[in-house]
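First the structure, in the form of structure tokens, and then the observations on it.
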There are 2 protein chains.
Amino acid sequence: MSAESAGQIGFQPVRPVRAYQRVAEQIEERILGGQLPPGSRLPAERELVRQFDVGRSTIREALRVLQSSGLIRSRPGDPLGAEVLGVSPDTLSHALGRLARSHLSSLSELIQFRMVLDAESYRLAARLHTEEDLRRLTELADRMEEYLPHDPHAFSEADAQFHRVVAEASGNALLALCARAVHDAVVDAIEGKLVRAKRAGDASDWMRRSVTHHRDVLAALRDSDGARAARLGREALFEHYAPHVPAQDRERLRAALD
Amino acid sequence: MSAESAGQIGFQPVRPVRAYQRVAEQIEERILGGQLPPGSRLPAERELVRQFDVGRSTIREALRVLQSSGLIRSRPGDPLGAEVLGVSPDTLSHALGRLARSHLSSLSELIQFRMVLDAESYRLAARLHTEEDLRRLTELADRMEEYLPHDPHAFSEADAQFHRVVAEASGNALLALCARAVHDAVVDAIEGKLVRAKRAGDASDWMRRSVTHHRDVLAALRDSDGARAARLGREALFEHYAPHVPAQDRERLRAALD
DNA sequence: ACGATCAACTGGTCTGACCAGTCGCCTGGC
DNA sequence: GCCAGGCGACTGGTCAGACCAGTTGATCGT
């Protein structure tokens, strides 16, 4: 290594490790390592105090860290102790949501990212889907058409579920997870505008176009035509969101189209 | 809404909101909202006790949550109070790393996801890069060639930086961030194997191929040929990682190739 | 047999204390 | 005049002990 070849020993700056950190690390290790599987219980706080031989505040700070990571959940009065939840995707969603809310990334970036993720999961789904996937998707498309006239809420629900099933059909849970997190972040960021637009009267028109879009995607998946499915996904997102993006950012979305 | 039309009022189950949660939320709100910009300082804990009118343990648990989210950092004895860090991408990396370590997602999913993200950022970079980007990338490629024979560590560093610059050139900070987080997660997950393989003697051979790969990508970017750049990225990752993936998962990676 | 009661827990919060650091000021020696 | 050193007055990290409200399961009275 270059530092060593220059004659320096290369001491690492040692940063103090807090007691609550070591407690949290030990417990996290046990959870990630498979001891303490999801559903199992941690000992009570006062028992952990005895086992780790630290004060209760230290234990509690460690548990707070684990809880904010979604690894455990605690409930007052529960005689069984905190519940182990295991690794949950919600942390990802939260992190993405924060990133989106901060001006570190703009709405157009978020939508462009969603275009990329959706299109690629479509592409993979076209290649790797099972018959069961197709059956579920057909059913969802049917349900959307059925709900179309009278229940916009159920329609949106079926819509979201359609996308989730496609993402799962891609065979990549991680990709599906991120796609969902980004989807949620976009919805959070733009909800107000869209609800207004839907109330403005073009709702049923939009829903009708949405149904044909989903049918097109389904057909592309059935043909195992990944490129077509991906293009459909990108175009639909572009058409849907471009009007809500500042004009100077629209070029960015267009760049993600081809 | 369907629940209301069924005659139910639709009360939401109210879950108790802990004091530390409200404290953490208020502070997070201020940070995300732009008051309390990165670099600014929080009041001292005992001052927060007065302002929020809660006990110090409550304040400390709230600060722990914020710290574990990467929003703040505190140092004992600092008379200025905890430092605001703002939204950081490290949270994403951590969340992805945990997801990868748990069997919720396999190594092959992680690598496939990286193929998707890298390829798409290449594609966007080919379209949106600036002259300055090209200059920096050329310099990095030169540096890689220079380091090639005698400093594998610096070589890897330049390699990673090359990918980071390409991701930035895509113009989408979110995409770049995720790409980097996934990259780090892959490196964490596979590091042991790779180091062994590199020591086995094919290191310089791999580095030589890597240099030509980066030159190819650079050329594709210069030609604004997004499809070619994306394909190059996918193929390089496939060739590099396929041997380290269980045989039954290799088909998954192949599906991401086209 | 069963429903109300109660005691022994739980986690959430508060108080007050101590420690080891860190910083600013202030002083004494140059 | 200036600078080194020391002396407080802070900081965050940790601990101990207490109280509260909620949950639970056994116990008791009917």
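In the text below, chain A, chain B and the rest are named by the order of the sequence lines, each starting its count at 1.
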Along DNA chain C, first and last positions that approach a heavy atom of chain A under 4.0 Å:
C/dT10 to C/dT13
Using heavy-atom distances to pick each residue's nearest nucleotide on DNA chain C, tell me which of B/Arg46 and B/Ser57 is more 5'.
B/Ser57
Measure across B/Asp133 and B/Val165 and return the closest heavy-atom pair with its distance rounded to 0.1 Å.
O-CG1, 4.5 Å
Name the nucleic acid region contacted by B/Thr58, choosing base, sugar-phosphate or nothing; use a 4.0 angstrom heavy-atom cut-off, strictly under.
sugar-phosphate
Are side-chain N/O atoms of B/Ser68 and A/Ser68 paired as donor and acceptor at under 3.5 Å?
yes
When B/Leu80 and A/Tyr20 are each assigned the nearest nucleotide of DNA chain D, the 5'-most assignment goes to B/Leu80
Please round to the nearest 0.5 Å and tell me the distance separating atom CG of A/Asp159 and atom CE of A/Met144.
4.5 Å
A/Gln21 and A/Glu25: side chain donor to acceptor below 3.5 Å
no
Can you measure from CZ (A/Phe52) to CD (A/Gln26) and round to the nearest 0.5 angstrom?
4.5 Å
Categorize B/Arg73 for me: base, sugar-phosphate, or nothing, with a 4.0 angstrom heavy-atom threshold over every strand shown.
nothing
Hydrogens and angles aside, do B/Tyr20 and B/Arg60 bring a side-chain donor and acceptor to less than 3.5 Å of each other?
no
Is there a donor on the side chain of A/Arg56 or the base of D/dT14 sitting less than 3.5 Å from an acceptor on the other?
no
